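Below, read A as the first sequence line, B as the second, and so on, with proteins coming before strands; counting in each chain starts at 1. As the structure is a computational prediction, the values presented were derived from the model and not from experiment.
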2 protein chains.
Amino acid sequence: MSAEATAPGTSKVLVPTMADAVVQRLRALIVSGEFRPGERLVEERLSEMFGVSRPPLREALRILQRDGLVQSLPRRGFIVIPITADDVREIYSLRFALERMAVELGMPVLDPNRLQPMRDALEDMRVAAEEMNDEAAVEANSRFHAALVSLPGHKRLIDTYEGLRLQLELCMGYNLKFREQMFGDRKDMHPRHAQLLESIETGDKEAVLYEIAHHGNASLLENLDDLIGTGG
Amino acid sequence: MSAEATAPGTSKVLVPTMADAVVQRLRALIVSGEFRPGERLVEERLSEMFGVSRPPLREALRILQRDGLVQSLPRRGFIVIPITADDVREIYSLRFALERMAVELGMPVLDPNRLQPMRDALEDMRVAAEEMNDEAAVEANSRFHAALVSLPGHKRLIDTYEGLRLQLELCMGYNLKFREQMFGDRKDMHPRHAQLLESIETGDKEAVLYEIAHHGNASLLENLDDLIGTGG
DNA sequence: CTTTTGACTACTGTATACAATTTTCTGAGA
DNA sequence: TCTCAGAAAATTGTATACAGTAGTCAAAAG
């Protein structure tokens, strides 16, 4: 999801703005854990760091605020959003509701070509599991679910889901234990998703709904308080 | 939903910023239909209109972009978001998914006091229906549903829902026919919501889910293309 | 020794000014 | 009359500069 919308019908060469460039770099720094949750984001320091002046930097921060990655404290500036155990529970519950909605609206999939992104992600997932490449596995998993949610072609659904994805990436970025827990079921990852995709292809909506409702992460959610600390 | 977050625990006197003030005034102008969907929002004209300089105005626009009321076209400025029939379908389908989620997470309601906002809204709805005051009915209806969604205390759920609420208000603001259709079931409005609240109070989750799934608006969704025009 | 008050520092909020790009208007040619 | 090129106008993107507020630390009073 880009921060800016492209004008429909136009296929001109879009000149990326400074603010957009800053969004991408800053987002990467945040989700990678370079900036830790709760950390203050001092504008002057960041503007110097990125080589831009403060106005575009502030715009970038507003965009990241929309994505749910930073928080604005009036007259006190921006901080990286502090994610608590309760926040993670929120993210997972909302994620489930959105995926369920995607399945209910998107199935049956009439045009098989629309499933190609999911097939590609699944294949990448298989390779990543084979090579024990967690980084690639995370990426493929992310892409698989994004493709699932994209099935109904529902813009608001996609955007909302994207925000949650970024916040989960942030969790993984700043908390290695969290990241580990997310892949406690590392071996099952590919088979489970393969099963899910097959159920989608055969049009077995009930099976798909059951599978996403029990889509692992039970152990993760149970250990959340130990991983992050209780919210408040 | 405020654009800025208040620091938890602090009850200081918050100095409202120019940008926040502009957000409120501009939002009112947009949802009331003063600015029509698709209309360009020229920064200099607006900054003159509100008596602020362009930087805080641009920040206000970014905040409204987050709420889904305006759209940013790179190097071409901001426009009021053009809402098509498909957009309204998106809004309604997402709304349903979120309300269902709220019911599933929030029921049973252990503390009866948490239902008070819904009771208040329902009472206001009854009075509004009695007085044939559509304005008040809209407001009470909005508040009832917001209270429903607030039951689980799920911040992300509430924020997402709030964005949809504003967009629906925008629809009603700029399209009188649309507004009329939304209250084609004007007489049923109060009884239906009273029934809904009763089911919540008695803890009949199945009944509640059934009711929000069939919560009117069928005729509205059928006539959308005539009301707005097909999206693209 | 504790508490309170004051000034100081750092930072955000805002305004003005300039640069770069897009859009529009004008005019010539087909 | 329509199309295309070029220039001018309008508007966005960005930088610099200043004002105002919140947080901090020290000094003085209790």
Exam field: side chain A:D87 to backbone A:T84, donor-acceptor pair closer than 3.5 Å: yes
For atom CG of A:D20 and atom P of D:dG13, their distance in whole Å: 10 Å
Between C:dT22 (C1') and B:R75 (CZ): distance, integer Å: 9 Å
Salt-bridge criterion met for A:E34 and A:R25 (N-O under 4.0 Å): no
Atom-pair distance (CG on B:L73; P on C:dT22), nearest Å: 13 Å
Between C1' of D:dA15 and CG of A:L57, the distance in whole Å: 13 Å
Touch class at under 4.0 angstrom, heavy-atom based, for A:P56 against every strand present: sugar-phosphate
Distance, rounded to the nearest Å, where B:R58 contributes CZ and C:dA15 contributes P: 15 Å
Salt bridge present between B:R95 and B:E90 (N-O < 4.0 angstrom): no
N or O in side chain of A:R76 less than 4.0 angstrom from D:dG23 OP1/OP2: yes
Touch class at under 4.0 angstrom, heavy-atom based, for A:L61 against every strand present: nothing
side-chain N/O A:R54 vs D:dT16 OP1/OP2, d < 4.0 Å: no
Residue list, ring-ring contact (aromatic ring centres under 6.0 Å, His included) with A:H145, at least two apart or on another chain: A:H193, A:H215
Salt bridge (charged side-chain N to carboxylate O under 4.0 Å, His left out) against B:E139, all qualifying residues, sequence neighbours excluded: B:R143
First encountered from the 5' end of DNA chain C, between B:R40 and A:R40: A:R40
Selection: residues 43-53 of chain A, any non-hydrogen atom under 4.0 Å of DNA chain C: A:E43, A:R45
Pair B:R66 + A:D67, salt bridge at N-O below 4.0 Å: no
Distance, nearest 0.5 Å, that separates CD of A:E169 from OG of A:S32: 9.5 Å
Spacing between B:M18 atom CE and D:dT21 atom C1', to the nearest angstrom: 14 Å
